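Structure first, commentary second.
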Protein chains: 2
Amino acid sequence: MRPRSVTLLDVARAAGVSRATVARVINGDGYVGEETRSRVEAAVQATGYRPNVVARGLRTQRSYTIGHIVLEIGANPFFTHVVRAVEGEALANGYKTFLFNHKGNTADERLAVESFIERRVDAVIFTYAQDAANIALLRAAAMPVVQIERQRTGDTSAVLVDNPAGVRMAMRHLIGLGHRRIAFIGGDPALYPHARIQPRSIEEERLDTYRDCLREAGIDPDPDLVRLGRYIKLGADGSDSEGYRHTRDLLALAERPTALFVGTDMLATGALQALYEARLRVPDDIALVGFDDTLAPHLAPKLTSVAQPMAELGLTAFQLALAAIEDPRSAPRVVTLAPHLVVRQSTAPPSGSTRPADPPAREGEIASRQTV
Amino acid sequence: MRPRSVTLLDVARAAGVSRATVARVINGDGYVGEETRSRVEAAVQATGYRPNVVARGLRTQRSYTIGHIVLEIGANPFFTHVVRAVEGEALANGYKTFLFNHKGNTADERLAVESFIERRVDAVIFTYAQDAANIALLRAAAMPVVQIERQRTGDTSAVLVDNPAGVRMAMRHLIGLGHRRIAFIGGDPALYPHARIQPRSIEEERLDTYRDCLREAGIDPDPDLVRLGRYIKLGADGSDSEGYRHTRDLLALAERPTALFVGTDMLATGALQALYEARLRVPDDIALVGFDDTLAPHLAPKLTSVAQPMAELGLTAFQLALAAIEDPRSAPRVVTLAPHLVVRQSTAPPSGSTRPADPPAREGEIASRQTV
DNA sequence: TTGTAAGCGTTATCAC
DNA sequence: GTGATAACGCTTACAA
């Protein structure tokens, strides 16, 4: 057994006062005489006293701890950044965060929920909630819940992202550069069924917006250029196989796309691998736009990407949680945040876009394709 | 105030027994009559009772929680993987993990230590410990400590990595392929001063081994090919500037290296960006080996990299922590784990290595450069 | 086999 | 201003 740690009583004895007085000094409230205060402070120093937050929580019915249930922090840096943001804001407000990865597994998510109830966390944040039943469990225990990015049920606060806006920025950027054959590699709406509370799932929103933007530019969407699947589908070594496969297929098309728009930066890594193999240069031979802005600055070339507001997502989620903790009867709030486009090196006008009939253009085209 | 949650007393009333009996059923120990047991179990179901782990911890002086103090989980996927491994093993043993990122900041690390003491975690794991004084604080509070990868003090358990073995595998691989001008981009020993308890810092071990391997192969180390700095030095957009800069400098050399060995996969991202800009192909024009095996499978081309045993690092660290929790008087243990080399697409013989004078060799040379 | 009661380290409500 | 004292929800001798 560990040696008993220093308690209020120890400090009280050392200072020759009662525990109540020590508590008043520690918590800085109530009337304490000047001389007594300094004596107590000296005793705290001398004994090396640290308040026992566990005991305090038992008494105050507040743990100053929140739970954060995440899909899988290792699957995508997006989660790492959101987790960090939640943690940072929590810390700034005197809270600590428990993390739990459910790996898309409803049973694991339930385990997470139960363990958080048992530890009496003050609120739970989901990125993302898997099963509405698990949210219900928390609500039955009267715990505030905040959902990040994907809203599974409508009875809790949530922080969402304006996905159509993100897609629109990327598409306008590409179309503005002169691209007309723009491929889309993203999540299959059929694989990500949406909760009834939303008219469209994120996948539907993105795909619809992609097509809308093309039509607005007078381009007829080519079904051959749309490749859907899972966002997260890793190869045995952790690499992205989905983006790689789709990109290879697109390159084999009789009429190749001049630009690729992919649903996550992770998919972009697979796309870049396929392009590298095919000895195609980005953006010279083909342009590439990612989504999330996580791996984007680390890739070669640095990727143009739709940046998710990851820091704000986490910060806002904690703030909503805190509001619900402090006023449990307050109505749930839904906040929608805007993404923004970060333009880097992976986008440029399509090759041959500068007057293709001109003889010098051929020269330029070769130069732009050169890989060595 | 939140509605009071269901307690043992509520269950006891519902079942018509005492709280002690309910506790016995919950914890599955002590004698309980068959009929009583089922009545209690029914009452637990009916009331939706969840034990309050906070209260239990107060009574048993065990929180079933550990603290994990990390340099910065967002800085390198290495940390994410170690964190996940610790968390997974903790969970499997009924523990939860508090995370704290100190960002290389001693004051923040101290905050972490204090908050963990206040929360009475059962043990603390460091990846990496920044300041010996903070470890001392924990030891004064009689908390078991485990250090991962870097050992700051000798009085706690630790899990280390055999760095020389990792460097040796990479160097032998490159030398075996025929490379003789191998550049080294890594941590500057002067920037990472080591604790007195180790004869050499990790940086010194790596650099020494790099040189030893060259000499063993009869190659005189060229100081021009050694570029030292910080491992982690991110640009404003999160990209790696250090690997980029060093690689550009190396490429400007009169006699270019034929291979690059970099100290982290993060540095490799910068190197790849410089190579891409210079329109050099990997491994055709230059070979590249990373360290950590984190981003390696995501890069184009997929990187050959020295894999750190991240999962084992975390798992072992928790096991050592658990051993210390269960027997506080047991002696600290130091475990050293072996890395391994993962060969992927970024390494090949130097260009022109297959009998450069022979005409058919040119054909073969091209084949060996082919990546598709 | 079950119940009683003390105590874990706080905070909070009273008196004094 | 300060000190008793009763919770908070649980575990665990010890009694019955």
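Given the structure is predicted, the values throughout are model-derived calculations rather than measurements. Numbered from 1 within each chain, the chains take letters A, B, ... in sequence-line order.
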Strictly under 3.5 Å: I want the nitrogen or oxygen pairs between protein and nucleotides 1-4 of chain D, one per line.
unit_1	atom_1	unit_2	atom_2	d
D:dG1	O3'	A:G33	N	3.4
D:dT2	OP1	A:T36	OG1	2.4
D:dT2	OP2	A:G33	N	2.3
D:dG3	OP2	A:S18	N	3.0
D:dG3	OP2	A:S18	OG	3.2
D:dG3	OP2	A:T21	OG1	2.5
D:dG3	N7	A:R24	NH2	2.8
D:dG3	O6	A:R24	NH1	3.4

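Counting to the nearest Å, the P atom of C:dT11 and the CG atom of A:L8 are 6 Å from each other. In this entry the distance linking CZ of B:R39 with C1' of C:dT2 reads 11 Å, nearest Å. Rounded to whole angstrom, the span from the CG atom of B:L58 across to the C1' atom of C:dT11 amounts to 13 Å. Between the CZ atom of B:R56 and the P atom of D:dG9 there is a distance of 14 Å, given to the nearest Å. A:N52 has its CG atom 13 Å from the C1' atom of D:dC8, to the nearest Å. In this entry the distance linking CZ of B:R50 with P of D:dC8 reads 22 Å, nearest Å. The distance between atom CD of A:Q61 and atom C1' of D:dA7, rounded to the nearest whole Å, is 10 Å. Spacing between atom CG of B:N27 and atom P of D:dT11 amounts to 5 Å, rounded to whole angstrom units.
A salt bridge does not link A:E87 to A:K96: none of the charged nitrogens lies less than 4.0 Å from a carboxylate oxygen. Contact check on B:R84 versus A:E72 returns a salt bridge, with a Lys/Arg side-chain nitrogen under 4.0 Å from an Asp/Glu carboxylate oxygen. The residues B:D29 and B:R24 are annotated as not salt-bridged, no charged nitrogen and carboxylate oxygen being separated by less than 4.0 angstrom.
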In residues 319-330 of chain A, what donor-acceptor pairs under 3.5 Å come from side-chain atoms, sequence neighbours left out?
unit_1	atom_1	unit_2	atom_2	d
A:Q319	NE2	A:E89	OE2	2.4
A:D327	OD1	A:R329	N	3.2
A:S330	OG	A:D327	O	2.8

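For the residue pair A:R119/B:T65, the side-chain donor-acceptor check at 3.5 Å is satisfied. Side-chain contact, B:T106 with B:Q130: no donor N or O sits under 3.5 Å from an acceptor N or O.
Applying the 3.5 Å distance criterion, the base of C:dT11 shares a donor-acceptor pair with the side chain of A:R59.
Residue pairs satisfying the ring pair (Phe, Tyr, Trp, His ring centres under 6.0 Å) criterion with at least one member in residues 118-148 of chain A, sequence neighbours excluded, are listed as follows: A:F79-A:Y128.
In this structure, B:Y49 reaches the D:dC10 phosphate: one of its side-chain N or O atoms is under 4.0 Å from OP1 or OP2.
For the salt bridge (Lys or Arg N to Asp or Glu O under 4.0 Å) test, residues two or more places apart in sequence or in another chain that qualify with A:R139 are A:D155. Contacts of A:F318 classified as ring pair (Phe, Tyr, Trp, His ring centres under 6.0 Å), with partners at least two apart in sequence or in another chain: A:Y95.
For residues 40-48 of chain A, proximity to DNA chain D is found at no residue, defined as any non-hydrogen atom under 4.0 angstrom from a strand atom.
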